[in-house]
There are 2 protein chains.
Amino acid sequence: MARLKLGVLISGRGSNLQALIDAAADPAFPAQIAVVISNIADVQGLARAQAAGIPTAVVDHKAHDGRPAFESALTEALDAHQVRLVCLAGFMRLLTKGFVDHWRDRIINIHPSLLPAFKGLNTHERVLDSGVKFTGCTVHFVRAEMDEGPIVVQGAIPVLSGDTPDSLGARVLAVEHRIYPLAVKLVAEGRARVVGNAVRVDMPDGDHDTAAQTVVINPAG
Amino acid sequence: MARLKLGVLISGRGSNLQALIDAAADPAFPAQIAVVISNIADVQGLARAQAAGIPTAVVDHKAHDGRPAFESALTEALDAHQVRLVCLAGFMRLLTKGFVDHWRDRIINIHPSLLPAFKGLNTHERVLDSGVKFTGCTVHFVRAEMDEGPIVVQGAIPVLSGDTPDSLGARVLAVEHRIYPLAVKLVAEGRARVVGNAVRVDMPDGDHDTAAQTVVINPAG
């Protein structure tokens, strides 16, 4: 069966891109990365893609006259590689409703919090200030509103006393590297369906039985 | 050492009250229930307290002229039993800033969501509509704003596909019955300190090492 063609959009070091590269290196993984596009030249993520033999492109937002022109160039580059699913991976440009609607239910993002809590930037700092006992990360379909959209997968971890934004961020990042490939796999296999605001995932029954037993209690933080 | 005297405020069946009664039945538990107060007569929670030989009182909000008068009667009943920590357990009256400030850092509540997400009523229904993959429950110190205040303990569980508000609520309730006694224990032992918006809990180092490894990933829901 043909593997789903991914386009990964980055702006920086691309650590989540690397997790997708590693997952797609397995021929049994149901998706492959067709192109990696950065809006900034010379970032580490582009080097990661090149090292893996993946086509890359730079679409510089500053070289385009306005956001729609920039986004048209993005769609053109994605279409040139027959991309069927767009994966935002540390892509630091806000996207217009026009672009998001064009790619509706074919564009996903990863965010370092348990959405809907802690949208936006500096999540780990705000998590620590708030005193919550759990945080995590979320892969979701993209909607026009920032960090909104049907959730595909979440991963949760306890906040520990003594955590700093850096220590907490490092533990969350390790979970991001697990849930992004999982979310891509579920979408590529057609097992994740958008129903209203939610994503229904077809799960083997055995997984359910195990999940129903899962309880994590955390008084630290 | 003297056990911390609790006053538990209820309005109904008192299932979280029962969890506290069961915990306090152990002489090693660092708190005891000095009085159970309901704003409604003849509720099941009062019968639970009586069955355990715990003093009860009914302070009927409708019998008082305004909220401050009602709350003065509550404080009077609590003081009559030398209560040092007030535990809200399904108490369905909003409290004024005056009452909450009087009991500041000596009054805790349990809420069936991972606060700050899903404040208010009908949490499980709203959790399912939102498509989040985790929910849970929270014990927090009470502030004047509803469902706000420094968090003492949270418990998290995965949302499962096929969950209804009832099935999800039943699993969350089982976790509530574990975290409320734990939160009372930590407060009674002086191990939970309010620092800014957060609660810092003194944890044995071994517990930290275990918690740092905890990751739960959920694509169901």
Side-chain angles (χ1 to χ4, degrees), chain A residues 114-118 128-134 136-140 149-163 167 171-172 174-175 178-179 182-183 185-186 191-192 194-203 207-221, chain B residues 114-118 128-134 136-140 149-163 167 171-172 174-175 178-179 182-183 185-186 191-192 194-203 207-221:
Chain A
L114 286 177
L115 292 175
F118 304 104
L128 290 172
D129 287 346
S130 78
V132 294
K133 303 298 183 179
F134 290 94
C137 45
T138 302
V139 178
H140 63 97
I151 294 170
V152 186
V153 178
Q154 290 185 308
I157 62 168
V159 178
L160 306 182
S161 59
D163 257 331
S167 69
R171 290 208 311 288
V172 170
V175 184
R178 293 173 57 183
I179 71 170
L182 173 59
K185 180 175 190 288
L186 293 169
R191 292 169 59 199
V194 176
V195 180
N197 300 317
V199 176
R200 299 295 168 218
V201 174
D202 295 329
M203 294 274 288
D207 287 4
H208 268 177
D209 297 343
T210 309
Q213 309 303 322
T214 306
V215 176
V216 188
I217 289 173
N218 185 30
Chain B
L114 287 177
L115 292 175
F118 304 104
L128 291 172
D129 286 346
S130 77
V132 294
K133 304 296 184 180
F134 291 94
C137 45
T138 303
V139 178
H140 62 97
I151 294 170
V152 187
V153 178
Q154 291 185 308
I157 62 168
V159 178
L160 305 182
S161 60
D163 258 330
S167 69
R171 289 206 313 287
V172 171
V175 184
R178 293 172 57 183
I179 71 169
L182 172 59
K185 179 175 190 287
L186 293 169
R191 292 170 59 199
V194 176
V195 180
N197 301 317
V199 176
R200 300 294 168 219
V201 174
D202 295 329
M203 295 273 289
D207 288 3
H208 269 178
D209 297 343
T210 308
Q213 310 302 323
T214 305
V215 176
V216 188
I217 289 173
N218 184 31

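Given the structure is predicted, the values throughout are model-derived calculations rather than measurements.
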Problem set entry | Contact winner vs chain B - A:Ala156, A:Ala174, A:Ala211, heavy-atom pairs under 4.5 Å | A:Ala156
For this session: Mind ranking B:Ala117, B:Gly136, B:Gly155 by heavy-atom pairs under 4.5 Å with chain A and telling me who comes out on top?
Result: B:Gly155
Seminar exercise, completed: Most heavy-atom pairs under 4.5 Å with chain A, out of B:Pro158, B:Cys137, B:Ala198, belong to B:Pro158
Exercise. Checking B:Arg171 against chain A: side chain, backbone, both or neither under 4.5 Å from a heavy atom?
Worked result: side chain
Problem set entry | Interface moiety of B:Ser130 toward chain A, non-hydrogen atoms closer than 4.5 Å | backbone
Exercise. Side chain, backbone, both or neither: which part of B:Leu182 has an atom under 4.5 Å from a heavy atom of chain A?
Worked result: side chain
Exercise. Checking heavy atoms, do the side chain of B:Val132, its backbone, both or neither come under 4.5 Å from chain A?
Worked result: both
Exercise. What is the distance from atom CG of B:Asp207 to atom CG of A:Asn218, rounded to the nearest 0.5 Å?
Worked result: 10.0 Å
For this session: Name the region of A:Ile157, side chain, backbone, both or neither, that has any atom closer than 4.5 Å to a heavy atom of chain B.
Result: both
Seminar exercise, completed: Turns out that what part of A:Thr214 lies under 4.5 Å from chain B's heavy atoms comes down to both
Seminar exercise, completed: Comparing A:Val175, A:Val139, A:Val153 against chain B, the one with the most heavy-atom pairs below 4.5 Å turns out to be A:Val153
Seminar exercise, completed: Distance col, row B:Lys133:NZ vs A:Thr138:OG1, nearest 0.5 angstrom, shows 10.5 Å
Seminar exercise, completed: chain B shares the most heavy-atom pairs under 4.5 Å, among A:Arg178, A:Arg191, A:Gln213, with A:Arg178
Seminar exercise, completed: Closest heavy-atom pair, A:Val201 versus B:Pro219, reported as atoms and distance to 0.1 Å, is CG2-O, 2.9 Å
Exercise. Roughly how far, to the nearest 0.5 Å, is the CG atom of A:Asn197 from the CG atom of B:Leu128?
Worked result: 12.0 Å
